[in-house]
Amino acid sequence: MSEFTYPAELPIVPMTKSPHATVSVPGSKSITNRAMVLAALASRSGPCELTGALRSEDTEVMVDCLTRLGFRVDADWPTVTVHANTSGRIIPAESAELFVANSGTTMRFVTAMVALGHGRYRLDGIPRMRERPIRDLLDALQQLGVDAVSDAGNGCPPVTITTTGLAGDTVRIRAGLSSQFLSGLMMAVPFADHPIAVQTDGPVVSEPYIEMTQHMLRQWGRHAPRYAIEPDASAASYFFAIPAILGGDIAVRGMRRDMLQGDVKFVEALEQMGCIVEHTPDGIRLAFDPTGRTLRGIDIDMNAISDTVMTLAVVALFADGPTTIRNVAHIRHKETDRIAAVATELRKLGAEVEERDDGLTIHPRPLTGCAVDTYNDHRMAMSLALVGLKVPGVVIRNPGCVAKTYPGFWHDLEKLRGPA
Ligand SMILES: O=C(O)C1=C[C@@H](OP(=O)(O)O)[C@@H](O)[C@H](O)C1
Ligand SMILES: C=C(OP(=O)(O)O)C(=O)O
């Protein structure tokens with residue numbers, strides 16, 4: 001991402017006034033990457049123009065993968081056009097070497113997608129991607145007659161998919177480590193040349209993403225000539241958290257309670273802590289008036305909205321009692337082990353944190369600013385920055401890691417301060 005460059009360390013300057021602002025966030029990563037996959041798979045029926053797409057590392061690797069697979073994709077961000085596929089094959093290329101950096105959606109969705117093709121495809125990513133699970137998806141593809149293997153034999157990328165298309169009429173898949181295995185399979189099977197029933201085996205994490213996939217498949221039908229992408233609800237969580245910490249109010253344009261992204265429910269967690277949520281025709285406004293009151297600590301199951309765990313953990317530092325976050329064991333397999341990472345960094349800032357296999361309890365304590373590590377995790381960086389808006393001396397290491405889903409984050413945060 002050449003548009004934004006950041007130093008190795010970014011000191012966060014506290015905000016001296018409570019903000020009163022309306023902000024816009026970029027398009028949803030999850031919807032952008034699903035829309036590109038569906039547009040490509042449906043492109044034998046015609047082209048598709050996506051509007052409001054997110055430009056970030058996770059979506060640029062998706063464009064690159066589709067291009068290497070022989071699809072014609074023009075990215076004129078935030079508009080992406082997937083041209084008609086006239087190759088006569090569902091996956092135009094018969095072989096490809098694909099690199100997904102650390103994009104879980106791209107790795108899992110494209111692995112399922114290429115299984116529809118005829119040929120041999122290899123997918124790899126950065127070292128952390130080589131530690132992120134994919135075995136359950138490979139097992140499902142094997143049931144459908146595909147030679148789908150983890151090259152190192154450890155159930156993680158790189159993966160090699162050798163295929164002549166999907167065979168069989170039923171498949172069972174586990175999605176207890178990541179819902180992306182199931183979403184990827186659900187997007188691929190409707191494009192097989194015969195019906196295939198998908199069944200789940202055991203619990204499914206991050207359920208709202210499955211609903212998103214189902215909903216988008218219905219919206220697509222055989223082919224969608226145009227598709228508008230919602231703004232990113234996970235990105236909005238950082239802005240909603242600011243008035244919870246500093247008082248004031250922030251509205252995020254385009255947020256709606258009925259949007260496709262489950263993470264819009266993050267505002268309900270803040271509401272439980274004592275914030276006021278207002279739904280307007282333009283978006284959602286979050287307000288908190290700290291005069292004469294404090295934020296309440298809460299006990300919450302965040303399985304459905306786990307990308308916002310770190311945002312909530314940071315807000316919890318400023319509550320009047322402990323906050324317990326439960327049922328998110330799967331976030332140990334994301335950009336980093338997020339339970340361990342957030343516990344370590346919040347302790348550095350002075351909080352008392354109890355870490356469990358599937359969550360954590362944060363006990364607010366007096367905080368002292370310091371340099372914090374972000375583990376090359378965009379959400380660690382964006383969440384920890386919020387501490388620095390209140391506590392002097394917070395320095396974010398490797399702030400550039402926000403490029404994974406929100407390259408303009410630091411710029412948008414700065415805009416909140418208004419003219420100097
Ligand atoms: O399907 C998706 O778009 C996503 C699903 C979630 O992953 P898991 O299912 O691995 O929890 C989420 O964390 C990720 O950011 C995006
Ligand atoms: C977990 C995330 O991404 P992914 O799994 O798509 O890499 C995220 O964006 O927080």
Side-chain angles (χ1 to χ4, degrees), residues 25-38 54 56-62 65 100-112 123 125-126 128-134 136-137 156-157 173-187 200 203-217 229-230 232-238 259-263 266 302-311 327-339 341-342 358 374-383 401-407 409:
V25 293
S28 156
K29 170 198 82 173
S30 293
I31 299 178
T32 301
N33 273 358
R34 280 171 177 72
M36 285 201 265
V37 166
L38 292 172
L54 168 68
S56 76
E57 189 178 289
D58 277 18
T59 59
E60 291 194 316
V61 294
M62 178 63 89
C65 287
V100 307
N102 197 11
S103 171
T105 53
T106 308
M107 175 55 77
R108 282 74 176 254
F109 298 172
V110 175
T111 294
L123 292 92
I126 66 167
R128 174 60 182 170
M129 180 51 79
R130 291 181 168 199
E131 297 173 349
R132 297 184 66 185
I134 194 162
D136 293 337
L137 176 57
C156 296
I173 183 164
R174 285 179 299 275
L177 288 181
S178 171
S179 67
Q180 294 170 4
F181 309 149
L182 176 55
S183 284
L185 194 63
M186 285 166 67
M187 287 191 280
T200 55
V204 176
V205 293
S206 298
E207 186 85 43
Y209 290 97
I210 300 302
E211 285 161 33
M212 174 191 286
T213 307
Q214 262 162 347
H215 200 100
M216 287 184 68
L217 282 164
I229 292 161
E230 296 176 348
D232 195 294
S234 322
S237 76
Y238 309 108
M259 68 204 306
L260 296 180
Q261 299 161 81
D263 276 5
F266 176 71
M302 295 190 80
N303 190 283
I305 57 168
S306 66
D307 282 359
T308 63
V309 162
M310 287 86 73
T311 329
N327 201 14
V328 291
H330 63 295
I331 74 173
R332 292 190 183 274
H333 304 288
K334 307 241 177 186
E335 284 76 342
T336 184
D337 174 341
R338 287 179 166 169
I339 295 179
V342 79
D358 76 331
T374 51
Y375 307 79
N376 204 26
D377 182 346
H378 54 138
R379 301 201 190 285
M380 286 296 292
M382 295 189 278
S383 302
C401 67
V402 299
K404 186 173 189 284
T405 58
Y406 197 164
F409 176 72

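As the structure lists them, so they are numbered: ligands from 1, and atoms in each ligand from 1.
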inquiry  = Heavy atom to atom 3 (O) of ligand 2, shortest distance: which of His378, Lys29, Met107 holds it?
reply    = Lys29

inquiry  = Heavy-atom distances under 4.0 Å decide this one: backbone, side chain, both or neither, for Thr106 against ligand 2?
reply    = neither

message = Any atom of ligand 2 sitting under 4.0 Å from a heavy atom of His330?
response = no

Any donor-acceptor N/O pair, Asp136 side chain to Ala175 backbone, under 3.5 Å = no

note = Residues Leu185 and Ala112: closest non-hydrogen pair is N-CB, 3.8 Å

key: Region of Met310 that comes within reach of ligand 2 [heavy atoms, distance under 4.0 Å]   = neither

Close-contact set for ligand 2 against Gln180 heavy atoms, below 4.0 Å = 4 (P), 5 (O), 6 (O)

ask   = Rounded to the nearest 0.5 Å, what separation is found between the CZ atom of Arg108 and the CG atom of Leu137?
value = 8.5 Å

request  = Give yes or no for whether the N/O distance cutoff of 3.5 Å, strictly under, is met between Arg132 and ligand 2.
outcome  = yes

key: Proximal ligand 2 atoms for Arg338, defined as those under 4.0 Å from one of its heavy atoms   = 1 (C), 8 (C), 10 (O)

message = I'd like the residue list for ligand 1, meaning every protein residue with a non-hydrogen atom under 4.0 Å from the ligand.
response = Lys29, Ser30, Arg34, Thr105, Phe109, Ser178, Ser179, Gln180, Ser206, Tyr209, Asp307, His330, Lys334

query = Any Lys/Arg nitrogen of Arg379 or Asp307 sitting under 4.0 Å from an Asp/Glu carboxylate oxygen of the other?
reply = yes

Exercise: identify the closest heavy-atom pair between Asp377 and Arg338 = OD2-NE, 2.7 Å

Where Val205 and Gly176 come nearest, the two heavy atoms and their spacing = CG1-O, 3.3 Å

task = Around atom 10 (O) of ligand 2, find the nearest protein heavy atom and jot down its residue, atom name and distance.
result = Arg379 NE, 2.6 Å

key: Contact summary for Thr59 and Leu54, nearest pair of heavy atoms   = OG1-O, 2.6 Å

ask   = Any nitrogen or oxygen of Lys334, main chain or side chain, under 3.5 Å from a nitrogen or oxygen of ligand 2?
value = no

ask   = Which bit of Asp307 gets closer than 4.0 Å to ligand 2, counting heavy atoms only: side chain, backbone, both or neither?
value = side chain

query = Given Gly104, Ser178, Gly125, Ala101, which has its nearest heavy atom closest to atom 4 (P) of ligand 2?
reply = Gly104

key: Side-chain touch Met186/Ile210, heavy atoms, less than 4.5 angstrom   = yes

inquiry  = With no hydrogens and no angle check, just 3.5 Å: does a side-chain donor-acceptor pair link Ser234 and Asp263?
reply    = yes

query = Between Arg132 (side chain) and His333 (backbone), is there a donor-acceptor pair under 3.5 Å?
reply = yes

task = Scan side-chain atoms only and decide if His330 and Ser306 contain a donor-acceptor pair under the 3.5 Å cut-off.
result = yes

message = Does any N or O of ligand 2 fall below 3.5 Å from an N or O anywhere on Ser103, backbone included?
response = no

key: Shortest protein contact, atom 8 (C) of ligand 2 (heavy atom only)   = Glu335 OE2, 3.1 Å

query = Under a 4.5 Å cut-off applied to non-hydrogen side-chain atoms, are Asp232 and Tyr406 in contact?
reply = no

request  = Check whether the side chains of Asn376 and Thr336 place a donor and an acceptor atom closer than 3.5 Å, and report yes or no.
outcome  = no

request  = Run the numbers for me: atoms of ligand 2, each under 4.0 Å from some heavy atom of Thr105, listed by number.
outcome  = 6 (O)

ask   = Counting each atom of ligand 2 from 1 as listed, which ones have a heavy atom of Lys404 under 4.0 Å away?
value = 3 (O), 4 (P), 7 (O)

query = Looking just at side-chain N and O atoms, do Arg34 and Thr213 make a donor-acceptor pair shorter than 3.5 Å?
reply = yes

remark   = One finds that the ligand 2 atoms under 4.0 Å from a non-hydrogen atom of Asn102 are 7 (O)

